[in-house]
A.B. asks: 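Quick one: this structure, given as structure tokens, is what I'll be asking you about.
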2 protein chains.
Amino acid sequence: MPPRMIDVAKRADVALSTVSYALNGTRPVSASTRRRIMRAMEELGYRPNALARGLASKRTRILALLFPTPERGLGVTEMEFVTGAADAAREHGYHLMLAPSELRDIHELEHLTGQGLIDGALVMEVRLDDERVDLLGQAGLPFSMIGRTSDPGTISYADIDFEQTTRDAIAHLMELGHRCVGFLNHSPSALSVGYGPTVRAAEGFRRAASDAGIAHIERPCGDNAAAGKAAFHELRASSPELTALVVMNERAVIGVMNALDEISWRVPDDFSIVSIVSSTRVTEMMRPQLTTLEPPSTELGRLGVQILLDQLERPHDEPLPPTQKLLPCRLVVGASSGPPPAR
Amino acid sequence: MPPRMIDVAKRADVALSTVSYALNGTRPVSASTRRRIMRAMEELGYRPNALARGLASKRTRILALLFPTPERGLGVTEMEFVTGAADAAREHGYHLMLAPSELRDIHELEHLTGQGLIDGALVMEVRLDDERVDLLGQAGLPFSMIGRTSDPGTISYADIDFEQTTRDAIAHLMELGHRCVGFLNHSPSALSVGYGPTVRAAEGFRRAASDAGIAHIERPCGDNAAAGKAAFHELRASSPELTALVVMNERAVIGVMNALDEISWRVPDDFSIVSIVSSTRVTEMMRPQLTTLEPPSTELGRLGVQILLDQLERPHDEPLPPTQKLLPCRLVVGASSGPPPAR
DNA sequence: TGCCAGATTCGAAGCGCTTCGACAAAGTCT
DNA sequence: AGACTTTGTCGAAGCGCTTCGAATCTGGCA
């Protein structure tokens with residue numbers, strides 16, 4: 001029912017193939033012919049059929065976004081990856097297809113790549129050792145990552161600069177006068193499965209604190225308020241000299257604040273908290289509003305797509321150096337960080 | 001490079017078309033032939049090419065999810081729509097494609113539908129009067145909505161039951177003893193563009209309060225803490241008898257709590273707050289944890305897809321009654337609602 | 001004026017699959 | 001036993017586009 005290329009060709013009085021050349025710029029077409037063709041297209045309201053195009057050319061202009069759905073759902077940050085990626089894709093004339101790949105279900109992934117539906121993939125929630133990445137590599141499908149494996153090799157990625165982020169968090173607290181800072185990480189299970197951010201933030205924090213020459217304590221913590229509360233009490237018991245906490249765990253931080261309430265400590269007068277890698281959309285909901293190092297989530301999503309497209313659109317024979325980028329988080333000072341108490 | 005249907009056919013020693021019939025069940029195939037074919041497929045690791053299939057059959061098994069990105073980004077609830085929809089699609093063997101359609105950009109939508117890429121669409125963030133819906137109708141593309149227009153007619157949808165939700169919120173507060181309850185809505189602009197939830201919650205609240213025979217005040221409020229704070233002070237000035245607030249505005253509610261702090265009112269001892277249509281993922285972050293009517297977001301996403309698929313997979317000549325479903329929110333009692341103060 | 005390189009354009013062969021009409025083989029009914 | 005379904009299978013015609021080799025048409029130059 002919709003007009004086809006042959007209809008355009010007839011109306012412009014040229015061969016079908018000429019229309020194709022005019023449309024894609026595959027071969028030179030004289031200015032006058034091109035004009036006639038364009039006009040015919042407009043008049044007919046022609047839209048190339050993506051399927052036919054894909055079948056014939058082996059390029060679909062569809063990208064897959066691999067996002068596993070972890071135990072307790074995705075947050076604001078992940079949503080921003082998605083919208084950023086979708087936007088960037090659209091701007092470049094690509095479509096973004098959602099592939100809810102459970103980590104276990106490698107079969108799904110094979111199914112997806114085998115269908116010839118997608119040109120490339122963007123992998124989210126990458127672990128240090130990620131079988132999806134291996135599989136994509138084997139499948140020969142171009143892809144890039146938001147996050148990175150322990151040894152990305154020549155795989156392109158865009159990730160948060162955790163080294164810098166933890167350094168910034170500590171710098172902020174040191175400027176305020178703190179000299180003993182703790183770090184509350186994601187859950188032990190995130191650490192044990194080798195979830196990238198968890199491991200890297202821990203390492204970054206360790207190094208940053210030791211470079212800065214300050215005392216620090218570090219531990220994982222379950223993703224809920226109760227665990228956060230317990231963790232705080234334990235930390236205080238074992239390290240009473242602690243005056244501030246860097247937290248990369250939005251759910252646990254609530255528990256920490258509740259624990260502070262319990263012992264009638266005020267934030268930031270008696271204790272400071274800096275959240276890292278959490279969106280202001282979330283920290284603004286807390287009272288007092290948390291100081292945070294906000295991740296450039298939308299940017300990461302966009303960048304992930306751009307990196308992937310660079311790869312896809314490069315002539316196939318060029319050596320193409322992988323693009324690997326680390327983006328810093330942005331410090332947003334809230335009301336949860338201040339000078340340490342003069343105890 | 002990957003095996004094609006003809007390869008399977010040769011290996012099983014049947015005609016190409018027989019393989020197709022065996023694969024799709026389009027025509028009967030004898031058990032023995034079917035077995036041979038299946039074995040050949042396995043041995044070759046055959047995967048049907050989605051593009052070719054789509055081109056020939058006019059059915060792509062791809063659905064589009066139309067989600068506009070409003071001013072200040074999407075929240076947890078929207079993310080859950082997406083994951084719910086993506087999951088449901090996958091379970092039914094469909095793909096979900098993200099179509100970040102700005103409301104203004106009807107052109108994008110035409111582009112999408114014109115490409116023959118998608119079988120149907122799921123529309124999010126529906127307004128009472130939504131041009132996307134009109135356009136999809138004209139385009140003759142099957143679709144369903146998460147949300148609904150003012151007059152959905154025969155269009156299928158899944159939406160929150162705002163009538164019930166506001167009634168439940170009021171019932172909860174009345175049980176606690178409140179007799180004068182206010183309602184803080186979304187922003188005036190949401191109201192004026194006719195964003196469905198905003199309008200329907202307001203109506204629902206009005207009716208529920210009046211049915212319950214209690215006093216109530218109702219007003220929109222900007223989506224930020226400052227506006228929330230100002231709104232509360234104004235409400236208190238004009239209606240000092242107010243003892244509780246129902247709020248459908250996650251960002252403004254923070255401002256309300258700050259305002260309460262300012263006048264040294266405690267929640268819930270001096271004033272009660274019930275959040276509606278906000279995820280516990282969010283209300284758990286507040287202190288005190290907000291009582292909320294949590295929307296069944298994931299369910300809505302799933303349901304939206306199911307409804308759409310029912311339509312798609314029904315034989316084309318049947319009359320098919322539209323499926324229109326309203327889901328209630330679930331009351332999660334937090335620490336923000338209690339008996340009114342004995343003033 | 002005649003011949004050739006270069007610039008355009010054409011026709012046809014697929015891309016990998018679905019689907020339709022036809023046909024052979026195997027019952028079914030009277 | 002002959003005419004007629006039914007069941008299972010085959011071959012061929014597309015689906016709407018890209019792409020390749022070849023044909024056509026310029027103008028330039030001898």
Side-chain angles (χ1 to χ4, degrees), chain A residues 1-38 40-41 44-62 93 113-119 315-316, chain B residues 1-38 40-41 44-62 93 111 113-119 313 315-316:
Chain A
M1 207 49 152
R4 295 152 307 156
M5 194 172 263
I6 184 69
D7 299 320
V8 174
K10 280 179 183 155
R11 183 170 250 262
D13 197 33
V14 293
L16 173 62
S17 51
T18 305
V19 176
S20 174
Y21 295 137
L23 193 61
N24 305 306
T26 324
R27 280 190 189 180
V29 168
S30 75
S32 70
T33 308
R34 155 168 287 115
R35 248 194 317 280
R36 282 209 320 284
I37 293 177
M38 292 307 176
M41 285 187 182
L44 293 173
Y46 172 74
R47 308 230 162 261
N49 178 302
L51 252 38
R53 208 198 265 243
L55 181 57
S57 70
K58 309 270 182 206
R59 304 208 45 233
T60 60
R61 302 185 78 82
I62 299 178
T113 62
Q115 284 187 126
L117 236 193
I118 61 178
D119 283 350
H316 208 65
Chain B
M1 209 47 151
R4 295 153 307 158
M5 194 173 263
I6 184 68
D7 300 319
V8 174
K10 282 180 183 155
R11 185 171 249 263
D13 197 34
V14 292
L16 173 60
S17 50
T18 304
V19 176
S20 175
Y21 296 138
L23 194 59
N24 305 306
T26 323
R27 280 192 188 181
V29 168
S30 75
S32 70
T33 309
R34 154 168 287 115
R35 248 195 316 280
R36 283 209 319 284
I37 293 178
M38 292 308 176
M41 286 187 181
L44 293 173
Y46 172 74
R47 308 226 165 264
N49 179 302
L51 252 38
R53 209 199 265 245
L55 181 58
S57 70
K58 309 273 183 202
R59 304 209 44 232
T60 60
R61 301 185 79 83
I62 299 178
H111 189 65
T113 62
Q115 284 187 126
L117 237 192
I118 61 178
D119 284 350
E313 304 199 326
H316 208 64

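Here is the naming used below: chain letters follow the sequence lines, and residue numbers restart at 1 for every chain. Computed from a predicted structure; not experimentally measured.
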A.B. asks: Could you run through nucleotides 7-16 of chain C and give me one letter per nucleotide, 5' to 3': B if any protein heavy atom sits under 4.0 Å from the base, S if only the sugar-phosphate is that close, - if neither?
C.D. replies: -SBBB--BBB

A.B. asks: Take the protein atom CG of L23(A) and the nucleotide atom P of dT18(D), then report the distance between them rounded to whole Å.
C.D. replies: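 So the two atoms are 6 Å apart, to the nearest Å.
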
A.B. asks: Scan for salt bridge (Lys or Arg N to Asp or Glu O under 4.0 Å) pairs involving residues 2-11 of chain A, sequence neighbours excluded, and state none if there are none.
C.D. replies: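 Non-adjacent pairs meeting salt bridge (Lys or Arg N to Asp or Glu O under 4.0 Å): R4(A)-D7(A), R11(A)-E43(A).
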
A.B. asks: R35(B): which residues meet the side chain to side chain contact (heavy atoms under 4.5 Å, CB included) condition with it, sequence neighbours left out?
C.D. replies: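 Partners of R35(B) by the side chain to side chain contact (heavy atoms under 4.5 Å, CB included) criterion, ordered by chain and then number, come out as A31(B), S32(B).
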
A.B. asks: Could you tell me which residues satisfy side chain to side chain contact (heavy atoms under 4.5 Å, CB included) with S57(B), sequence neighbours excluded, listed by chain and number?
C.D. replies: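 R59(B).
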
A.B. asks: Looking at residues at least two apart in the chain, or sitting in another chain, which of them share a side chain to side chain donor-acceptor pair (under 3.5 Å) with D119(B)?
C.D. replies: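 For D119(B), the residues satisfying side chain to side chain donor-acceptor pair (under 3.5 Å) (neighbours in sequence not counted) are T60(B).
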
A.B. asks: Nearest whole Å is fine: how far is dG8(D) P from R35(B) CZ?
C.D. replies: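 After rounding, the reported distance stands at 13 Å.
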
A.B. asks: Name all residues meeting the side chain to side chain contact (heavy atoms under 4.5 Å, CB included) criterion together with T33(A); count only those two or more places apart in sequence or in a different chain, and write none if there are none.
C.D. replies: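 T33(A) satisfies side chain to side chain contact (heavy atoms under 4.5 Å, CB included) with V14(A), T18(A), V29(A), S30(A), R36(A), I37(A) once adjacent residues are dropped.
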
